[in-house]
Amino acid sequence: MDFSALAAQLNAGAILPEGIVIITLITVLVGDLIGGRASSRWTPYLAIAGLFAAIVALVYQWDTANPIAFLGGFNSDALSVVFRGIIVLSAMITVPMSIRYVEQSGTSLAEFIVILMTATLGGMVLSGADELVTIFVALETLSISSYLLTGYMKRDPRSNEAALKYLLIGAASSAIFLYGVSLLYGLSGGQTRLSAIAAQLAADSSDAPIGLVVALVFVIAGIAFKIAAVPFHQWTPDVYEGSPTPVVAFLSVGSKAAGFALAIRLLVSVFPLVSEQWHFVFTALAILSMVLGNVVALAQTSMKRLLAYSSIAQAGFVMIGLIVGTEAGYASMVFYLLVYLFMNLGGFTCVILFSLRTGTDQISEYSGLYQKDPLLTLGLSICLLSLGGIPPLAGFFGKLYIFWAGWQAGAYGLVLVGLITSVISIYYYIRVIKMMVVKEPQEMSDSVKNYPPMRWNLPGMRPLQVSLVVALVATSLAGILSNPLFTLANDSITHTPLLKAAIAEQAAAMVSHTETVETIAIAPQ
Amino acid sequence: MTLAEGVQLVSFGLLAAMMIAAALGVVLLSNIVYSAFLLGIVFVSISGMYVLLNAGFVAAAQILIYVGAVNVLILFGIMLVNKREDFAPVRRAWLGKVATGAVCLGLFALLSTMVLGTPWALSSEAAIGDGATVMIGLHFFSDFLLPFELASVLLLIALVGAIILARREFIPDEMPQDTVGDALKLPERPRELVPASRDGAES
Amino acid sequence: MIQLEYFLLLAAALFCIGIYGLVTSRNVIRVLMSIELMLNAVNLNLMAFSNYLDPASATGQVFTVFVITIAAAEASVGLAIVLSIYRNRDTVDMEQFNLLKW
């Protein structure tokens, strides 16, 4: 194999967006090294520009003729492009909201951004990885940089503790995941590419060999940890409460999206033989996540813990799309994640703003906020209502699409659980809003009484405002103008060969539902 | 059975016994320093296994990285947090230990049933032996190029991040809030001001 | 002749010992060591598969090299986090880390 043939086979253009992220990351790191403390004026904007360039590059990757790169190690199909887009976008909104937060905590900004971008990079490669080694390395890149980000406020004992718990649980779960992966390598007789593994397993196996089931269970433990599904959610509330809020914002969207990308690719391509088993396990995980996440959220007193449990519950909703496995199911997952990105990041921006002013995250401290800061109240209310699924906000359409897809595919039980728990969830979101809006001036909490006047001209406040406004506009408009997002989500599924094959198989398996599969392209009204 | 095979079998038995005993020591002994040294023995015996598995390069890498770096790092960690600490006893801790032990035994039983019950597709090709080093290099620069490059970024960031977290910073107790000028200064006190007694008291 | 199954059983035993240590240890550093044991069990699995099922292309050895690399990175990050929490809390006892509800 000579060099030019090798270069053609590597098809390195497929990772152009990742390359842009790496170059930006190194520029920020070196620039900070040379420029010293003064460089924090421009590094965040350079990072945002680099992430934006990565998104532009991703747009050009859409529907590329030759998506397979690195001799099958990386797959730049439409599904991976959409998930990489979600991850980059979440990082791009997280960077501006972290500038002020990091500055105020007295830690250095450039390293924070660099580590955040590494996590983004890991998530991006994970979304496209099509081979066990790449999956593992990308997963660890994402995880290790998340541990570092979690513990970044190192003088805060809560941040330390969150980082330690995250690291220990995360490392253990990745070791378990890896054991499952090593079994896959053995069962397939020494293959590491997902398609080759699937072919080998299908060629030489009876139905559901025990080795494959064990590998499946171990692999699911790793995936469920990343998407924080009950009962692998233990770390979530602690890590969300303890770590710096911008990091939580990224973890709740970017890291979770990467976990879902991994789940779709790995489960759909490698485990069709035990598809009944993994559907069963994921149904259990989804029901537990929806019920436990929403019910425990009722009892929370800290805003960040509330959002942690709410994110567990949202992961449960998204899993419905994965379980039904129809075209609409996958498309609704992508659509919901897109919408969730904006509403959740918007919510976290408001929490950051509030805690920057008052230094607390307690829900009771929010009481009477409307009197002092109507903009923040409005922002937080819109995002929480959208998370709760109140029309006409974006979250409503996301939930509607998922439940519609589930109903069409006959997953009535799951959809009913989802409906009931989302009614419960509206209660705790409304409780926060009521706290902010309805209270009389004399019932105001102390921190709201001492609320400092708005100073948008402080360094780092403008970007925070920009990301708040972007997230708010997207959350309110995505509901009304959701058609482009619908089209994007649907296209990303129909243009992915892997999913097309899986959907066809699913359709063949469920003959009684053939008609629903044909009517899928219609968006719910 | 030829003599070489007998030697292999005996050395496998020895290494296996050594590895399991040392691993049990790592998790069961109460003195953390003994555990750390026993961990080194586990690593060395696994490296011996790799030699039995015709993988000299990885055996060397195992010794260099696990014993030379990870184990030494762990020993350094123990030294740095060296505090004779008698953990306050937790009531009915033994119950948890017994339950965990039972679960682990069950898991082992499950895994061994799986191992023995699966028809592994044994290959009859000749082992590549010492040619593996060349082969690994070829893999790194062809089909495993992407993880190879990604791992380099990961190592860089792990380095940067570990230094950030482990470096001592000495910050005044109260950070000046909302002052534009101060926010951009490096909030670190000169090193001399640090009382050395903190370390002394701990050791 | 040594069978593939011997190595796999050994790896399974090491993995279970690692899990036992992970759950029962009070000392954070011992928990990190238990994780290293688990990763080594995985490596042994991979190397055994590589030798018996895929001897010509050495993919498993490449995988093992990656696992070793990343385990080293993880250990260094883990110890850095342990050091920073030890500075703030002055203990390495898992039971004492209860600032956040576990």
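In what follows, chains carry the letters A, B, and so on, assigned in the order in which the sequence lines appear, proteins first and then strands, with residues in each chain numbered from 1. Every heavy atom of this structure was used, including side-chain atoms; hydrogens, water molecules and symmetry mates were not.
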Visitor: Report which part of A:S188 has an atom under 4.5 Å of a heavy atom belonging to chain B: side chain, backbone, both, or neither.
Guide: neither

Visitor: At a heavy-atom distance under 4.5 Å, which candidate from B:D143, B:L150, B:V160, B:T118 has the highest pair count against chain A?
Guide: B:L150

Visitor: Return the option, out of B:V153, B:L122, B:L154, with the maximum number of heavy-atom pairs under 4.5 Å with chain A.
Guide: B:L154

Visitor: Donor-acceptor check, side chain of A:R462 to backbone of A:N457, threshold 3.5 angstrom: yes or no?
Guide: no

Visitor: Where on A:L109 is there a heavy atom nearer than 4.5 Å to chain B: the side chain, the backbone, both, or neither?
Guide: neither

Visitor: Which atoms of A:A69 come close to chain B, meaning under 4.5 Å heavy atom to heavy atom: side chain ones, backbone ones, both, or neither?
Guide: neither

Visitor: Any sub-3.5 Å donor-acceptor pair from A:S159's side-chain atoms to A:T150's backbone N or O?
Guide: yes

Visitor: Using a 4.5 angstrom heavy-atom cutoff, name the option from B:V115, B:I157, B:T113 with the most pairs to chain A.
Guide: B:I157

Visitor: With a 4.5 Å cut-off on heavy-atom pairs, point out which of B:L155, B:L110, B:L111, B:L156 contacts chain A the most.
Guide: B:L111

Visitor: Can you check whether A:S108's main-chain N or O pairs, donor with acceptor, with A:Y152's side chain at less than 3.5 Å?
Guide: yes

Visitor: Answer yes or no: is there a side-chain heavy-atom contact under 4.5 Å between A:F74 and A:E131?
Guide: no

Visitor: With a 4.5 angstrom heavy-atom cut-off, could you sort out which part of B:F148 is near chain A: side chain, backbone, both or neither?
Guide: neither

Visitor: Below 4.5 Å from any heavy atom of chain B, which atoms of A:T118 appear? Answer side chain, backbone, both or neither.
Guide: side chain

Visitor: Counting only non-hydrogen atoms closer than 4.5 Å, does A:F218 touch chain B with its backbone (N, CA, C, O), its side chain (CB onward), both, or neither?
Guide: side chain

Visitor: Please confirm whether the backbone N or O of A:N75 pairs with a side-chain atom of A:S80, one donor and one acceptor, at under 3.5 Å?
Guide: yes

Visitor: Using non-hydrogen atoms only, which part of B:L138 is less than 4.5 Å away from chain A: side chain, backbone, both, or neither?
Guide: neither

Visitor: Counting only non-hydrogen atoms closer than 4.5 Å, does A:E18 touch chain B with its backbone (N, CA, C, O), its side chain (CB onward), both, or neither?
Guide: neither

Visitor: Keeping A:N11 on the side-chain end and A:I68 on the backbone end, is there a donor-acceptor pair under 3.5 Å?
Guide: yes

Visitor: Are the side chain of A:R357 and the backbone of A:S447 linked by a donor-acceptor contact shorter than 3.5 Å?
Guide: no

Visitor: Nearest heavy-atom pair of A:L187 and A:L212: which atoms, and what distance?
Guide: CD1-N, 3.6 Å

